[in-house]
Amino acid sequence: MIKALLFAQLKETVGKPELEIDGEGKSVKEVRTFLKDRYELLSIDRAMVAVNEEYANDTTILNEGDVIAFIPPVSGG
């Protein structure tokens with residue numbers, strides 16, 4: 001299992017800040033697509049991704065116990 005951390009509107013849409021998912025051996029892109037489809041997280045495509053507190057890209061492969069964070073863009077004035 002891996003832990004997915006969600007922030008801002010992603011957290012609001014899902015209703016909780018983290019999820020445990022079966023993502024071992026999957027790419028960041030596959031996990032992103034899974035979350036988008038399962039929770040209707042349309043804005044997850046624009047989110048930056050970190051794996052174990054380091055920025056990652058869609059080709060990064062996840063391992064058992066990894067923590068993946070989806071960080072939406074910040075807006076404001």
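Note that the structure is predicted; figures quoted are calculated from it, not measured. Both backbone and side-chain heavy atoms feed into the values below; hydrogens, waters and symmetry mates do not.
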Participant: Can you sort out the partners of Glu18 under side chain to side chain contact (heavy atoms under 4.5 Å, CB included), two or more places apart, ordered by chain and number?
Facilitator: Lys3, Leu5

Participant: Mind checking side chain to side chain contact (heavy atoms under 4.5 Å, CB included) for Glu64 and listing every partner two or more places apart, or none if nothing turns up?
Facilitator: Met1, Glu24

Participant: Which residues pass the salt bridge (charged side-chain N to carboxylate O under 4.0 Å, His left out) test with Lys11, not counting sequence neighbours?
Facilitator: none

Participant: List in chain and number order the residues that pass side chain to side chain contact (heavy atoms under 4.5 Å, CB included) with Asn52, two or more places apart in sequence or in another chain; answer none if no residue qualifies.
Facilitator: Asp66, Val67

Participant: Can you pull out every salt bridge (charged side-chain N to carboxylate O under 4.0 Å, His left out) where at least one residue sits in residues 38-59? Sequence neighbours excluded, please.
Facilitator: Arg32-Asp58, Lys36-Asp45

Participant: Evaluate the side-chain contact (heavy atoms from CB on, under 4.5 Å) criterion for residues Ser27 and Ile61: first the C-alpha distance (whole Å), next the side-chain angles of each, then the deciding distance (0.1 Å), finally the verdict.
Facilitator: CA-CA 4 Å; Ser27 69; Ile61 301 298; 3.9 Å; yes

Participant: Does Leu6 sit in a hydrophobic cluster with other residues, and if so which ones, taking ILVMFWY side chains as linked at heavy-atom separations under 4.5 Å, directly or through other members?
Facilitator: Ile2, Leu10, Val14, Leu19, Ile21, Val28, Val31, Phe34, Leu35, Tyr39, Leu41, Ile44, Val49, Val51, Leu62, Ile68, Phe70

Participant: Report the residues that fulfil salt bridge (charged side-chain N to carboxylate O under 4.0 Å, His left out) with Asp22, sequence neighbours left out, ordered by chain and then residue number.
Facilitator: none

Participant: Would you say Thr13's side chain and Gln9's backbone share a donor-acceptor pair under 3.5 angstrom?
Facilitator: yes

Participant: Compare every heavy atom of Pro72 with every heavy atom of Ala8, then report the nearest pair and how far apart it is.
Facilitator: CB-CG, 3.9 Å

Participant: Check salt bridge (charged side-chain N to carboxylate O under 4.0 Å, His left out) between Asp37 and all other residues, then give those that pass, not counting sequence neighbours.
Facilitator: none

